[in-house]
Structures are given as structure tokens and as C-alpha cells.
2 protein chains.
Amino acid sequence: MNVFATDPRPHVLVLGAGFAGLEFCRAMRGCHDVRITLVDRQNHHLFQPLLYQVASAGLAAPEIAHPVRSIFSDDDNITVLMDEVRSIDLEQKRVKLRDHELDYDYLVIGLGVKTGYFGNDQWAKHTIGLKSLDDATEMRRRVLLAFERAEMCDDPEEKARLMTIAIVGGGPTGVELAGAFAELARHVLRSDFRAIDTNNARIILIEALPRLVPMYDEDLSDYTKKKLESMGVTVIVDSPVQDVGEGTIELPERTVVAETIVWAAGVQAIPLARTLGVETDKAGRLIVEKDLSLPEHPEVFAVGDIAHCIDQAGVRVPGLSPAAMQMGRHAAEVIQDDLKRKRKRRDGSLEYDVRPQFRYFDKGSMATIGRSAAVASSMGMKFRGFPAWLLWLFVHLLFLVGFRNKLAVLLQWFYAYVRYRRGARIITGQGPKES
Amino acid sequence: MNVFATDPRPHVLVLGAGFAGLEFCRAMRGCHDVRITLVDRQNHHLFQPLLYQVASAGLAAPEIAHPVRSIFSDDDNITVLMDEVRSIDLEQKRVKLRDHELDYDYLVIGLGVKTGYFGNDQWAKHTIGLKSLDDATEMRRRVLLAFERAEMCDDPEEKARLMTIAIVGGGPTGVELAGAFAELARHVLRSDFRAIDTNNARIILIEALPRLVPMYDEDLSDYTKKKLESMGVTVIVDSPVQDVGEGTIELPERTVVAETIVWAAGVQAIPLARTLGVETDKAGRLIVEKDLSLPEHPEVFAVGDIAHCIDQAGVRVPGLSPAAMQMGRHAAEVIQDDLKRKRKRRDGSLEYDVRPQFRYFDKGSMATIGRSAAVASSMGMKFRGFPAWLLWLFVHLLFLVGFRNKLAVLLQWFYAYVRYRRGARIITGQGPKES
């Protein structure tokens with residue numbers, strides 16, 4: 001398909017409708033002197049920061065996803081394509097998709113990252129990551145099924161194993177999952193079973209470094225650990241994973257046995273990034289210039305988690321959604337500037353040809369630990385406990401795409417808060433072949 | 001697992017947590033002189049009447065499903081087991097499940113029906129039925145994907161084929177799906193695509209009999225047909241399907257070509273029903289006595305859609321959720337009566353040994369056609385249009401299990417009504433191998 005086959009305007013091809021790609025397109029909304037094609041292999045933008053709530057049965061999948069088409073339905077200059085990127089030819093300025101080949105004048109790569117195993121890809125088959133809606137519903141399915149199996153199990157040891165969830169990675173995602181699963185077991189499911197006491201469920205959070213959420217100040221890490229422990233989570237720090245097998249994790253001092261192993265320890269760029277012939281960091285991220293373009297390819301930008309960026313101030317830009325959104329907006333600014341300059345060049349008024357450099361504005365970050373507890377750090381201020389949790393609620397609702405989603409999520413949270421219930425405790429799908 | 005291994009109380013085994021089984025258990029809530037085990041292969045009760053709204057992207061799956069365990073979490077006499085029935089031995093009074101064998105004193109069979117093809121089971125692989133949440137999300141996935149493919153397709157004929165949805169069966173389910181898909185294409189998706197005009201999508205509803213919703217009076221059938229046609233649905237009546245192939249339906253006078261073929265034309269009892277050694281009707285349903293027990297097995301009851309029942313007044317009980325709920329309640333009444341009589345027999349005061357007979361109370365039925373239009377027929381009264389639609393809304397919200405679900409669904413409907421949007425337009429799952 002090429003509805004714009006005869007369109008003379010420069011073609012901006014955007015790969016990925018995550019925070020970076022979406023924000024880029026939003027910033028280009030009024031820019032009618034280009035045509036934009038936004039490609040994603042999903043039909044929806046996913047609000048990643050709440051994915052752990054789908055995994056822990058708090059939210060339904062459609063509540064954190066919004067159809068990409070409907071976001072841009074009024075923007076004639078933006079075409080949305082549901083397709084998958086197969087290869088990128090920077091020399092020919094051409095991208096091969098599963099069903100198409102598209103030429104571009106500008107390319108914006110916002111394809112994100114996937115779960116990374118630090119070179120031990122064989123661990124993937126024993127663990128479950130959390131990157132897509134399908135990951136999240138699969139995690140929900142496995143955890144709820146494990147409790148169902150424990151209820152039917154006569155062997156005490158096997159029962160204990162079935163009721164154990166191990167989470168590798170003590171960053172925000174790991175902390176949020178640990179807190180959510182602890183609440184699920186100890187409060188939400190408490191009176192549902194007859195043969196098992198879900199209070200005996202074990203949630204084990206494993207971190208390689210000496211403390212949880214190491215991006216925060218030490219007192220917030222301490223608070224997070226104590227809070228999780230008070231919720232019944234076993235926190236193991238200072239323990240890099242040596243090996244992962246079927247239902248087992250080898251740590252330096254012990255072996256952890258668990259039915260469900262969640263991997264929240266690392267990310268890596270998609271393999272495609274290494275095929276472009278440009279420099280990448282050791283996780284495969286594309287190393288970008290200060291204007292977010294690729295070296296020697298001023299027409300190609302990498303934005304969001306796939307970019308390895310040291311900003312104007314020398315700060316390494318973190319893999320967070322606010323950073324991705326800022327990068328998307330910056331790339332849009334650079335391109336609009338370019339177009340303006342080209343027009344000026346034509347009328348001879350152009351003086352400088354210097355692109356604006358990206359400057360990351362650190363709004364801070366936050367992680368929720370459980371019902372009415374969170375940690376947040378923002379512009380030199382630290383929050384924890386209930387105020388941090390309120391801040392977390394507010395910020396996440398604010399950035400959730402779609403009016404309906406905001407209302408639906410607010411309703412679910414209200415219900416969860418008041419009645420200690422979770423609305424999405426259903427097991428669907430067949431999942432992969434049962435072990 | 002048998003938490004009640006030493007429990008001397010009679011054991012009531014309930015198979016299926018549909019409307020009949022659930023209502024049976026609810027009616028037995030206070031009855032502490034028996035222990036009840038409720039078995040379902042899903043962990044949730046599914047509100048079947050709204051399944052078509054999940055299929056047409058109006059509702060999220062968790063909004064019409066409620067965890068069975070949490071419905072009975074406060075009822076100590078009821079144990080919920082997530083397991084699948086493999087065989088029933090009426091002589092030994094024993095049921096074999098996938099993971100267990102259970103003996104019973106009373107057995108209540110409420111296993112429902114599955115999609116039926118009138119003996120042409122080979123049609124199943126070319127069509128998609130609507131019986132489970134997985135069916136519904138798969139249908140949503142296929143329909144939304146077909147529009148995505150049409151957007152990318154250059155061949156006008158193929159484009160038209162991709163944008164065609166054929167629905168076989170003009171009963172309430174077929175009518176509701178046709179209306180919902182017509183609205184999806186013509187209103188919800190209208191401005192989302194660039195290369196296709198979703199107004200050109202074809203929704204074809206095929207019925208073997210001379211009129212749609214034949215259980216209603218003829219004027220309601222006429223209204224339904226006219227209303228659907230005004231929404232752009234092609235209605236073909238008087239056309240029994242001769243054959244179904246990959247993307248094609250052979251009718252007596254024509255061949256219909258469609259990317260998506262939905263089968264809403266018939267049901268049949270699950271194959272297990274024929275293995276019990278008792279009489280079944282031609283759809284495999286269990287023929288029951290007037291008290292809903294199986295002939296010569298007063299301790300075994302069949303309730304809901306799996307039962308073929310002629311009630312006390314000689315009325316054939318229809319396969320509708322209100323009928324299933326009434327049958328569930330009746331079986332509970334008979335068992336409680338039995339237990340009372342046994343106690344009386346012990347103290348010598350028993351006079352009669354006659355069980356109460358089931359009497360179906362026909363509250364009527366209804367089908368929604370689209371936004372603010374429905375048909376309903378209840379106790380000699382007929383409704384159509386907006387009043388019928390309001391009645392439909394009210395009744396469906398009333399019977400939906402769970403306070404949260406009611407609120408969530410109300411919110412979705414309000415949003416859909418006011419803004420002509422659908423909240424669950426996301427494509428998830430890999431689905432079966434792509435053709």
C-alpha cells in the first residue's frame with residue numbers, strides 16, 4: 001500500500017509506536033509539509049509503566065493499551081501501518097517490512113528494547129519477561145494457575161514450590177511486581193482457597209547489587225526493602241544470578257526453587273540494531289550524536305530506549321518513558337528546524353546550519369511498592385510512603401493515553417483500594433505447552 | 001486433594017460454573033448439612049450474553065468474567081476446583097477429572113453446550129464460534145487484523161474480501177454480532193484508516209429459516225431485519241448453508257466469499273453427554289425427568305443447556321440463561337427437600353416421597369441490534385427500539401456478576417454511547433497459524 005505514492009512531500013518514516021515514536025508523531029501533528037508513516041507490529045500503544053498491573057491481575061489488558069490509529073485519526077499527514085520491521089538499509093534509505101518496502105527521507109527509530117539475559121539467552125525459556133501485553137497475560141495465567149495447582153496438590157514440598165514466585169531484578173519493575181504479587185497472595189486471594197493458605201506463598205526478590213532500586217538514594221532503597229519485607233517479600237541482595245534452570249535459580253550462596261521465575265533484570269536492544277553498520281553499545285543500543293541522529297546519517301534518528309545518548313550536559317539519558325518522550329519531541333524539533341532551514345536556504349537567508357542538541361530534563365522517577373506506598377525522587381526531592389504513592393497515581397493517570405483508559409483505571413484502583421480486590425483475576429489463553 | 005476426606009456429610013458434586021451450576025451453588029449456600037464441590041475447567045464464571053461485546057471490541061475480557069472462587073469465598077461448605085471432567089461413572093457414582101477422581105452422593109451436571117455444525121464438524125476449521133473468552137478475543141483479533149490487511153492491500157477484490165464478515169445464524173447471537181460489527185466498521189473505525197473506507201465493509205448475516213430471530217413474533221423479526229439493513233448489514237434469509245470452505249459459504253442460490261466466517265447457527269451438547277448410557281436428544285442433550293434428575297438416577301441432575309427438559313406444563317425449556325438459573329435453583333430445592341425427608345424418615349414422620357417438578361417461568365428474551373435499538377418479548381408484551389434497548393441494558397447490568405464488573409461495563413457503555421468509541425480495540429495473542 002502506498003496511499004501517498006504521488007505525494008511530493010518529504011517522507012518521515014517512524015519505526016515503533018512506543019513513548020518515543022508516539023511523542024515524535026504528536027509533535028509533528030501540525031507539520032503538513034511532510035508526510036509521516038508510523039509503523040508498529042502491534043495495533044496499540046502500550047503504557048509500559050502499568051504492565052506489571054496486568055501481570056498481577058489488577059488491570060485488564062485493554063485498559064493500558066490504546067489503538068494507535070485512533071490517536072492520529074484526525075491527522076491527515078500521519079499514516080499508521082501495522083507491520084514488522086525486517087531490515088533497514090541506511091545507504092539506500094529504505095526499510096524492509098514484513099509486507100512492504102518503504103523509502104524515507106527521514107527515519108526515526110524508536111523500536112525499544114527487549115528482555116536481556118546478559119548473554120545467557122538460554123535462561124529465557126525458564127523465565128518469563130515483561131515487555132508486551134501477551135507477556136503480562138501469560139504471567140497472570142501462570143501465577144494464578146500455580147495457585148490452582150497448589151490447591152489440588154497433596155505433597156507439601158511441591159505445594160510450597162508451586163506457591164513460590166521468584167523475581168530476578170530489584171529495579172522498579174521487580175519491586176513493583178514483588179509488591180503486587182505479595183498483595184495478591186496475602187490479601188486478594190486470601191479467603192478463596194480451602195486447602196492452601198495463600199499467606200504461605202513466597203515472593204522472592206533477587207538483586208545482584210547490594211541494594212534495591214540502586215538509582216535512588218540509599219535511604220529510599222532501605223525503605224523499599226523494609227516495606228517489601230513487611231509485606232512478606234523475601235529480599236535477597238548482593239546475589240548475582242549464576243545460572244537458571246527449569247524452576248531453579250543458582251545464586252552464589254544458595255539455590256532458589258520456584259514454580260514461576262520472572263526476569264526483570266535487564267534489557268537489550270533488538271537484534272536489528274546491530275545490523276545497521278553503525279556503532280552500538282554493549283547492550284546493542286545505537287550510539288547517537290547530540291542531536292539524536294546517527295553518526296554520518298543526519299537523516300536518521302534513534303529515540304527512546306534503543307538509543308545510547310549522552311546529552312548536551314554530558315548526562316547518560318536513562319531508559320525511562322519521560323526520557324523517551326523528550327527524545328521524540330527533540331527529533332521532531334530537529335526535523336522541523338531542518339525543513340525551515342531548507343526553505344530559508346532557498347531564499348538565501350540561511351546563516352547557520354547547526355542543529356539543536358538534546359538536553360535531558362530529569363523529572364525524576366518513581367516506583368510503587370504496594371497499596372499506598374511508593375518511592376519517588378524528583379529534582380532533588382525525595383518522597384516515600386503515601387505521598388509518593390499519591391504522586392505515582394497522579395502521574396500515571398496523567399500520562400495514560402485516552403480519556404476512557406484514565407477513567408477505567410481510576411475505577412479499578414479505587415475498587416482495589418477500597419475493597420482489596422483485583423478485577424482481572426481470570427485465566428485466559430492456552431499458553432505455551434504445559435510443562 | 002480432598003480437604004473433606006473425613007467429612008461425613010453427603011457430597012454434592014457440581015460440574016460446570018455456568019449460569020445453572022453457579023445458581024445451584026448459590027441456592028445451596030446456607031445448606032451446611034452437605035459439602036459441595038464445584039468443578040470448572042476455567043477459573044471464572046463467564047457472562048455469556050455479553051460475549052459478543054468482547055468479540056466486537058466493546059468490552060475487555062475481565063469485565064464479563066468473575067473468578068468463581070471469589071463468589072464463594074465466604075461459603076465454607078463450597079469448594080471450588082479448577083479441573084476438567086474426563087468421564088462420569090453413574091453406577092460407581094464417581095467422576096474422573098484430569099487430575100482427580102471424586103465420588104459423589106449427588107451429582108449436578110451443568111456442562112453446557114458447544115458450537116454445533118449439524119453433523120458437519122469439518123466446517124469448524126473454516127469458521128469461528130463464540131463460546132469462550134478465548135473465542136471472543138480470537139474473533140476480535142481476526143476482525144481487526146483483517147481491516148489492517150485490507151489497508152495494506154493493493155488488489156481491490158482482495159481488499160473487499162478482507163473487509164467482509166459473514167455470520168451464519170440469525171438468532172440473537174448472530175443479530176447482536178452483525179449489529180456490533182456494522183457499528184464497528186461504520187462508526188468506530190471510520191476515520192482510522194487512510195487507504196480503505198470502512199463504510200465499504202460488508203457484514204452479511206445468513207439465516208436458514210425465512211426470518212431472523214424466529215423465536216419472536218413476526219413483526220419483531222421484520223423490525224430486526226429492517227434495522228440491521230439500515231445499519232448496512234446484508235441479510236440473507238431462507239438460505240440453509242450447503243457447505244463451508246476456506247473463506248467461502250455455499251448457499252442454495254449463491255456463494256458468499258468472506259475473510260471472516262462466524263458460526264452462530266447451532267449448538268450441541270459436549271460429547272461426554274452421550275457416554276453416560278442414558279437417553280439423549282439428537283443434539284446430544286440429556287433427557288431429564290420433571291424433577292430434572294436423570295431417569296433411574298434420582299441422585300443425578302442435569303441443569304442448563306445440557307438438559308433436554310419438558311417442564312411440568314409440557315413446555316420445552318429453552319437454552320437461555322434465565323432458564324439455566326431456574327433449573328439450578330430447582331435442583332437445589334429438590335436436594336434440600338430430599339435431605340429434609342431423610343431426616344423426617346428417621347423420626348418416622350415422613351408421609352410422601354414425591355419430588356417437586358420443574359416449572360419454567362418464561363420471563364421472555366431479548367436481543368440488542370445496535371446502539372439504542374433492541375427487540376424484547378416478555379410475558380405477552382413486545383418491545384422494540386429504544387425502550388427495548390434500555391430494558392436490555394438494565395437486565396444485563398443487573399445479572400452481571402460482581403459490583404466492579406457492573407461499574408466497569410456501565411462506564412464502557414456510557415463511553416461507547418456518548419463518543420461512539422470502543423475501549424477494547426486491541427489485537428493480542430498470536431492466534432492459530434496465519435493463513
Side-chain angles (χ1 to χ4, degrees), chain A residues 1-4 42-44 46 57 59-63 65-67 69-70 72-74 76 78-83 99-100 132-134 137 144-145 148-149 151-154 188-195 402-405 407-408 411-412 415 419 421 423-430, chain B residues 1-4 42-44 46 57 59-63 65-67 69-70 72-74 76 78-83 99-100 132-134 137 144-145 148-149 151-154 188-195 402-405 407-408 411-412 415 419 421 423-430:
Chain A
M1 176 220 57
N2 194 347
V3 278
F4 296 114
Q42 304 286 4
N43 80 327
H44 51 267
L46 176 63
L59 294 175
E63 285 160 3
H66 200 83
R69 290 193 181 286
S70 77
F72 299 108
S73 60
D74 293 337
D76 291 341
I78 301 174
T79 304
V80 175
L81 205 59
M82 184 181 168
D83 204 339
D99 299 323
H100 300 90
S132 69
L133 277 182
D134 288 331
T137 48
L144 292 177
L145 260 186
E148 294 290 338
R149 286 209 210 114
E151 169 84 351
M152 303 193 294
C153 177
D154 289 322
V188 181
L189 298 179
R190 199 179 38 178
S191 52
D192 278 7
F193 292 87
R194 298 285 177 264
F403 171 72
R404 187 206 68 93
N405 290 352
L407 268 184
L411 170 70
Q412 304 281 14
Y415 178 75
R419 308 208 30 191
R421 292 273 176 106
R425 279 161 48 208
I426 62 163
I427 299 172
T428 52
Q430 311 306 311
Chain B
M1 176 220 59
N2 195 347
V3 278
F4 296 115
Q42 304 286 4
N43 80 328
H44 51 268
L46 176 64
L59 294 175
E63 285 159 3
H66 200 83
R69 290 193 182 285
S70 77
F72 299 109
S73 60
D74 292 337
D76 290 341
I78 301 174
T79 304
V80 175
L81 206 58
M82 185 182 168
D83 204 338
D99 299 323
H100 299 91
S132 69
L133 277 182
D134 287 331
T137 48
L144 293 177
L145 261 186
E148 294 289 338
R149 287 209 208 114
E151 169 85 352
M152 304 192 293
C153 177
D154 289 322
V188 182
L189 300 179
R190 201 180 35 182
S191 51
D192 278 6
F193 292 89
R194 298 284 177 267
F403 171 72
R404 187 205 68 94
N405 290 351
L407 269 184
L411 170 70
Q412 304 282 14
Y415 177 76
R419 308 204 35 185
R421 292 273 174 107
R425 278 162 49 209
I426 61 163
I427 298 173
T428 53
Q430 310 308 312

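Given the structure is predicted, the values throughout are model-derived calculations rather than measurements.
Both the backbone and the side chain of A:Leu407 come within less than 4.5 Å of a heavy atom in chain B. Interface residue B:Ile427: backbone and side-chain heavy atoms are both found under 4.5 Å from chain A.
Interface summary for chain B: among A:Ser132, A:Ala57, A:Ala65, A:Ser70, the most heavy-atom pairs under 4.5 angstrom belong to A:Ser70.
Atoms CG and CZ, from B:Leu144 and A:Arg69 in turn, are 10.5 Å apart once rounded to the nearest 0.5 Å. To the nearest 0.5 Å, atom CZ of residue B:Arg194 and atom OG1 of residue A:Thr79 are 6.0 Å apart. Distance CD/A:Glu151 to CG/B:Asp83: 11.5 Å, rounded to 0.5 Å. From B:Ile426, atom CD1 reaches atom CD of A:Gln42 across 9.0 Å, with rounding to the nearest 0.5 Å.
Between A:Met82 and B:Leu145 there is a side-chain heavy-atom pair separated by less than 4.5 Å.
Contact between A:Pro62 and B:Ala60 at its shortest, heavy atoms only, is CG-CB, 3.4 Å.
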